[in-house]
Engineer: 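Handing you this structure, nothing more for now.
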Amino acid sequence: MSDRPTKRPNRELYLDALRTAAIIRVVTYHTFGGSWLSWAFPAMGVMFALAGGLMVRSLDKQPPLTVIKNRARRLLPALWLFGLVIIPVMLWGGGAFSTWTDPNTGEPVPFWKLIFWVVPIFDPPGNEFGTNFTVVLWYLRTYLWLVALSPLLLKAFRKWPIPTLVAPLGLVLLQAFGVLPSPDEGNLWDLVSTLGMFAPCWMLGFAHRTGKLTKIPMPALIAIVVACAVGGIAWALGHPAQDADAGEAYDLNGIPLANALWSIAVIIPLLRFAPDASWIGRTPFLGRLVALVNNRAVTIYLWHNVMIDASYPIDDWLTRWLPEGLVENPAWDFLTVWVLVALCVLAFGWVEDLAARRKPRLFPVGPSAAERRAEYAAELAAKEQEDAAPGRPAPVGPNVAHGDDRGRRPGPYGPDQYGQGQYGPGQYPPPDRYAQQQPSGYAPNGYGPPDAQRYQQYETGQYGAPMGGYDHPTADYNAEYRNANHPTADYSQAYREARGESPRRNGYPTQRPAAEGQPEEHRRSRH
């Protein structure tokens, strides 16, 4: 995997914002409960869809075994660190390992199952004391299985998209009618249930990334969404969760088939109508919040339930000095949980940087403007060296403008640079895109700076808010087309060269490296 710095397109920033919203929703649900939250935003279905889309991009660039190895490498160290802390805590609070029992079957846990804390093929074991600590680990197990199956799923999806996407729902349907054992019958059937629920969401990410979702006619798309939504509601009303409290009887987390159908109904419009989210990158707080949550997604997910449990004795202790009405306020509870989660990010989040082969940082909210300029200079130099290599073909990008992720076509703003090809292959951004950030005296299209001094002022962000990207909140997208040795280069000339209207000069790059996504996810425990 390349260590070259990459830029984040606005559509990718939207997906990162979705992931951030899903994580916040999961923590909120675990803190306060409320079955309505599972309907308002099916967070885990969204998380699986986002992860599935990232798998397409990786599998198109690297061999399947390399992709699987890289995904496991970026996920497992955080689990290992979690286990090194939580297993001793469970031994201290719940007794020796010989007393541990399986929460589904009630049978003693054999010692060899501790191997699942190393490679979670099935759920890592725990005891009754640590139930709330380990219940969230189902996601890591399901995620790794979907990663391992993705090469075959993607190949089948590209050949038979609809049957491949619908087939996993058959497993959930068979369990719902009692043909297959229910998820409570053991780890294997619990795995079958989660794969059946979330493999379709995962493959909706395939459909989004390959452009197949945009090919569906609008009437057919609306019909699919309505059918899935109505089917999910009808099934939930007719099959409420068993052995649940009155307030949780219609919680989607306890009704797998309704959960799968409703998740599909919500995910399709979220991915099909992805808006421009550049304003998030230009908003300092939101841009940095999205960057932090996405860079620490696994840490937040693993530790948030532990911190929710830890908040109860802390509140009891604080009532000695603070008014009881203040400490028992829901807003106070929510704030306490997030403060504790932030401490976990500081204490344990660095392992995600090491797993991704990045320099460890306490709060990864994006580099400074000076660091960003240095990154671009290194990126341009490396690109020029690659382009100068003898016998190297001209870089090209997929023709996503026509919904085809396999066709190749050159273009500075093609999909290899901007994921979904927001402006279409071979096109530059609209002339007024960065108008509010241009200093007076700039040419109308923003490509003709009058002098080097104005250019330096624009680059350092003296005019307007810095332009954004999720992991580079001060990104200067125009820097891609500026030669490092010619800071006052004529951008209109670069445009003509990119369009093939004149010979290419001054080393203008035609393709930026695609950013590598991060796996991370979050979902509420099932009751």
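Numbers here are sequence positions counted from 1.
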Engineer: Are E352 and R361 ion-paired here, with the side-chain N under 4.0 Å from a carboxylate O?
Structural biologist: no
Engineer: What's the shortest heavy-atom distance between P125 and V109, and which atoms?
Structural biologist: CB-CG1, 3.6 Å
Engineer: Heavy-atom distance under 4.5 Å between the side chains of F41 and L270, does that happen here?
Structural biologist: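 Side-chain contact under 4.5 Å: yes.
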Engineer: Any salt bridge linking D353 with R74? Criterion: basic side-chain nitrogen under 4.0 Å from a carboxylate oxygen.
Structural biologist: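 So D353 does not pair with R74 through a salt bridge.
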Engineer: Given side chains that start at C-beta, do those of T283 and R288 come closer than 4.5 Å, heavy atoms only?
Structural biologist: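 T283 does not reach R288 side chain to side chain.
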Engineer: For the ring pair W262 and W39, is the centre-to-centre distance below 6.0 Å?
Structural biologist: yes
Engineer: Hey, what's the ring geometry for W112 with F116, parallel, tilted or perpendicular (30° and 60° as the breaks)?
Structural biologist: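 Rings of W112 and F116: perpendicular, over 60°.
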Engineer: Check the angle between the aromatic planes of F111 and F97 and answer parallel, tilted or perpendicular using the 30° and 60° thresholds.
Structural biologist: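 Rings of F111 and F97: perpendicular, as their planes differ by over 60°.
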Engineer: Mind checking the CZ-OG spacing from F206 to S150? Nearest 0.5 Å is all I need.
Structural biologist: 4.0 Å
Engineer: Side chains of T20 and N294: do they bring a donor and an acceptor to under 3.5 Å?
Structural biologist: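 Yes.
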Engineer: Take the angle between the ring planes of W202 and F48 and call it parallel below 30°, perpendicular above 60°, tilted in between.
Structural biologist: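 Tilted, since the angle between the ring planes falls between 30° and 60°.
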Engineer: Treating H304 as the side-chain partner and Y301 as the backbone partner, does any N or O pair qualify as donor plus acceptor under 3.5 Å?
Structural biologist: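 The answer is yes, because a donor-acceptor pair under 3.5 Å joins these two groups.
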Engineer: Any non-hydrogen side-chain atom of P168 less than 4.5 Å from a side-chain atom of L195?
Structural biologist: no
Engineer: Given 3.5 Å as the limit, does a donor-acceptor pair link the side chain of T336 with the main chain of W332, or not?
Structural biologist: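 Here the side-chain-to-backbone pair exists.
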Engineer: Flag the pair F32 / F334 as yes when their ring centroid distance falls below 6.0 Å, and as no otherwise.
Structural biologist: yes
Engineer: Evaluate the side-chain proximity of L76 to L140: yes if any heavy-atom separation is below 4.5 Å, no if none is.
Structural biologist: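 No - every pair of side-chain heavy atoms lies 4.5 Å or more apart.
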Engineer: May I ask you to decide if the ring planes of W303 and F82 are parallel, tilted or perpendicular, using 30° and 60° as cut-offs?
Structural biologist: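 Because their plane-to-plane angle is over 60°, the rings of W303 and F82 count as perpendicular.
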Engineer: Under the side-chain hydrogen bond (donor to acceptor under 3.5 Å, both in side chains) rule, collect the residues that match up with T142, sequence neighbours excluded.
Structural biologist: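 T194.
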Engineer: In the structure I gave you, are the side-chain heavy atoms of N259 and S38 within less than 4.5 Å of one another anywhere?
Structural biologist: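 No, every pair of side-chain atoms sits at 4.5 Å or beyond.
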Engineer: Any non-hydrogen side-chain atom of R141 less than 4.5 Å from a side-chain atom of N187?
Structural biologist: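 R141 vs N187: side chains apart.
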Engineer: Using side-chain hydrogen bond (donor to acceptor under 3.5 Å, both in side chains), reason through N70 and T66 one step at a time and then give a plain yes or no.
Structural biologist: CA-CA 6 Å; N70 288 342; T66 301; 6.0 Å; no
Engineer: In terms of side-chain geometry, is the basic nitrogen of K155 or D60 positioned less than 4.0 Å from the acidic oxygen of its partner?
Structural biologist: no
Engineer: Is it true that D315 and S311 share a donor-acceptor pair across their side chains at a distance under 3.5 Å?
Structural biologist: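 Side-chain D/A pair, S311 to D315: absent.
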Engineer: Are L144 and P120 close enough that some pair of their side-chain heavy atoms sits under 4.5 Å apart?
Structural biologist: yes
Engineer: Could you walk me through whether S58 and R71 satisfy the side-chain hydrogen bond (donor to acceptor under 3.5 Å, both in side chains) test, starting with their C-alpha distance in whole Å, then the side-chain angles of each, then the deciding distance to 0.1 Å, before giving a yes or no?
Structural biologist: CA-CA 10 Å; S58 297; R71 285 290 189 270; 3.1 Å; yes
Engineer: Looking at Y14 versus W279, is the centre-to-centre ring distance below 6.0 Å?
Structural biologist: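 Between Y14 and W279, the centre distance exceeds or equals 6.0 Å.
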Engineer: With a 3.5 Å distance limit and no angle check, can you tell me whether N305 reaches the backbone of N132 through a side-chain donor-acceptor pair?
Structural biologist: yes
Engineer: Answer yes or no: is there a donor N or O on one side and an acceptor on the other, between the side chain of H208 and the main chain of L204, under 3.5 Å?
Structural biologist: no
Engineer: Does the distance from a Lys or Arg side-chain N to an Asp or Glu carboxylate O, for E12 and R19, drop under 4.0 Å?
Structural biologist: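 Judged by the 4.0 Å cut-off on N to carboxylate O distance, E12 and R19 do not form a salt bridge.
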Engineer: Below 4.5 Å, heavy atoms only, C-beta onward: do M55 and V147 meet side chain to side chain?
Structural biologist: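 The answer is yes, as the side chains (C-beta and beyond) meet within the 4.5 Å cut-off.
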